[in-house]
There are 2 protein chains.
Amino acid sequence: MKLSEAKKQFISSWGAFGTHWGINKTMAQIHALLMISPDPLTQDDLMEQLSISRGNVNMNIRDLINWGLVDRVIIPGERKEYFTAEKDIWKVATQIIKERKKRELEPMLKLLDQLEDVDGDKKDKNIKQFVDTVSGIKKFGQQADKMLQVMVKADENWFVGALVKFFK
Amino acid sequence: MKLSEAKKQFISSWGAFGTHWGINKTMAQIHALLMISPDPLTQDDLMEQLSISRGNVNMNIRDLINWGLVDRVIIPGERKEYFTAEKDIWKVATQIIKERKKRELEPMLKLLDQLEDVDGDKKDKNIKQFVDTVSGIKKFGQQADKMLQVMVKADENWFVGALVKFFK
DNA sequence: TTGAATTTTCAAAACTTTTTGAAAATTAAT
DNA sequence: ATTAATTTTCAAAAAGTTTTGAAAATTCAA
């Protein structure tokens, strides 16, 4: 397959993949394009290569920067801003895990804590089922939180090495 | 907090949580309500308790059944159909992992395989970056696939026990 | 400073997804 | 077989999200 065709396919399916994970298609496509580009790109490059408007590029780039997945790059002597993406997929993954843990998992665990001590007779089957469900989810979430914490902190090689041994 | 208030909060935040994971709000809310209900519910119960239309309940219940998260229950002597959700959160999680692995991860890995052998000189930096990115993602994805496979097959207690030891 | 290049913003438009509700289909009791 | 209860379907409406593009703001070189 030719590079240009392969690029198109990669960008388009990375975009579709993103939408299953709560990330918008354009953001994922910009990220895909930056990951496969050896050199940093400008907003105009992104507009042109993805056929999207300036405003769209600008907003999605901002989000990607907030997620810690893209960086602004200053090229001396150049007026325009350039952008580049982290290319080590392990770092991309841990960055996403770190952010989602903070944005989603931690608030959920905090809420479950509050919901766990609902008033009333624990013998009532409605209350019992509610509390059992909530505390089951809480325990599971705490376990996941702990595990993700270790992953995020771990050094790539140590972790991958350990995992391979553990799961092989 | 009163049970009715706690239920409302749980349902609403489980719905919001779902939207970050590519699941629609109503589907997640139906699932939440069924998880905290000790007895099976009918479509009418769901319509009433969540204030949504019959068609909406019907379609989302169908999806939940396809995901393997909800089951139809026949109650002898009752005309209506009843629905119940898996309440063991570990089973819920492995079921979701199994499905998403099949629907998303596996097709992505298949595509990456094809993209990896793009034509042209591997010395060209564009080709090199493309191939490096694609194979990096592929390796990572295969690793994840293997790990998830183990999780899904594992028995709850064995796995949780092993994880706790491993990550503590 | 000035002004040209560049980036940012945001209201309106386009697009996508979800929801509704009534009609059609199915089911099961008589 | 008939009928009433229940479930399913799906076109149209509503709601939600993303994209556009032009105006405003910012930046920087001269």
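Every chain is numbered from 1 and lettered A, B, ... according to where its sequence line falls, protein lines coming before strand lines.
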* Find the distance B/Leu50:CG to C/dT20:P and express it as a whole number of Å. => 11 Å
* Is atom CD of B/Glu48 surrounded by more than 12 heavy atoms (other residues, nucleotides or ligands) closer than 6.0 Å? -> no
* Would you call B/Asp44-B/Arg54 a salt bridge at under 4.0 Å N-O? -> yes
* **Protein-nucleotide distance (A/Met47, atom CE; D/dT18, atom P), rounded to Å** => 20 Å
* Would you kindly compare A/Asn56 and A/Lys25 by the position of their nearest DNA chain C nucleotide and give the one closer to the 5′ end? => A/Asn56
* To do: Provide, to the nearest angstrom, the distance between the CD1 atom belonging to B/Ile61 and the C1' atom belonging to C/dT19.
  => 16 Å
* Structure fact -> Side-chain contact check for B/Met59: nearest option of D/dT9, C/dT18, D/dT18 is D/dT9
* Structure fact -> In whole angstroms, the gap separating C1' of D/dA5 from OH of B/Tyr82 amounts to 13 Å
* Asked: At under 4.0 Å, does any side-chain N or O of B/Thr26 touch on OP1 or OP2 of C/dT18?
  -> no
* To do: Please report, rounded to the nearest Å, how far the P atom of D/dT7 is from the CG atom of B/Asp44.
  => 7 Å
* Round to a whole Å and report the spacing from CG of B/Asn60 to C1' of C/dT20. => 13 Å
* To do: For the pair A/Lys87 and B/Asp132, find out whether any cationic side-chain nitrogen is under 4.0 Å from an anionic carboxylate oxygen.
  => no
* Asked: Run the side chain to side chain contact (heavy atoms under 4.5 Å, CB included) check on A/Val92 and A/Leu69 step by step: do they pass?
  -> CA-CA 7 Å; A/Val92 172; A/Leu69 298 174; 4.0 Å; yes
* Residue mapping more 5' on DNA chain D - nearest nucleotide basis, A/Glu78 or A/Ile52 -> A/Ile52
* Between C/dT20, D/dT7, C/dT8, which one does the side chain of B/Ser53 approach most closely? -> C/dT20
* Closest to the B/Asn24 side chain, choosing from D/dT6, D/dT8, C/dT19 -> C/dT19
* **Interatomic distance, A/Leu46 CG vs C/dT6 P [rounded to whole Å]** => 15 Å
* For B/Thr42, answer base if it contacts any base atom (sugar-phosphate contacts may also be present), sugar-phosphate if it contacts only those atoms, and nothing otherwise; contact means non-hydrogen atoms under 4.0 Å. => nothing
* Within the pair B/Asn58 and D/dT8, is there a side-chain N or O less than 4.0 Å away from OP1 or OP2? -> yes
* State which of C/dT19, D/dT8, C/dT8 makes the closest approach to the side chain of A/Arg62. => C/dT8
* **Spacing of B/Ile75 atom CD1 relative to D/dA5 atom P, expressed in whole Å** => 20 Å
* To do: Look at the side chain of A/Arg79 and the base of D/dT27, then say whether one donor and one acceptor between them are separated by less than 3.5 Å.
  => yes
* Asked: Given D/dT19, is OP1 or OP2 found less than 4.0 Å from the side-chain N or O atoms of A/Arg54?
  -> no
* In terms of hydrophobic clusters joined by side-chain contacts under 4.5 Å, are B/Leu3 and A/Leu112 together? -> yes
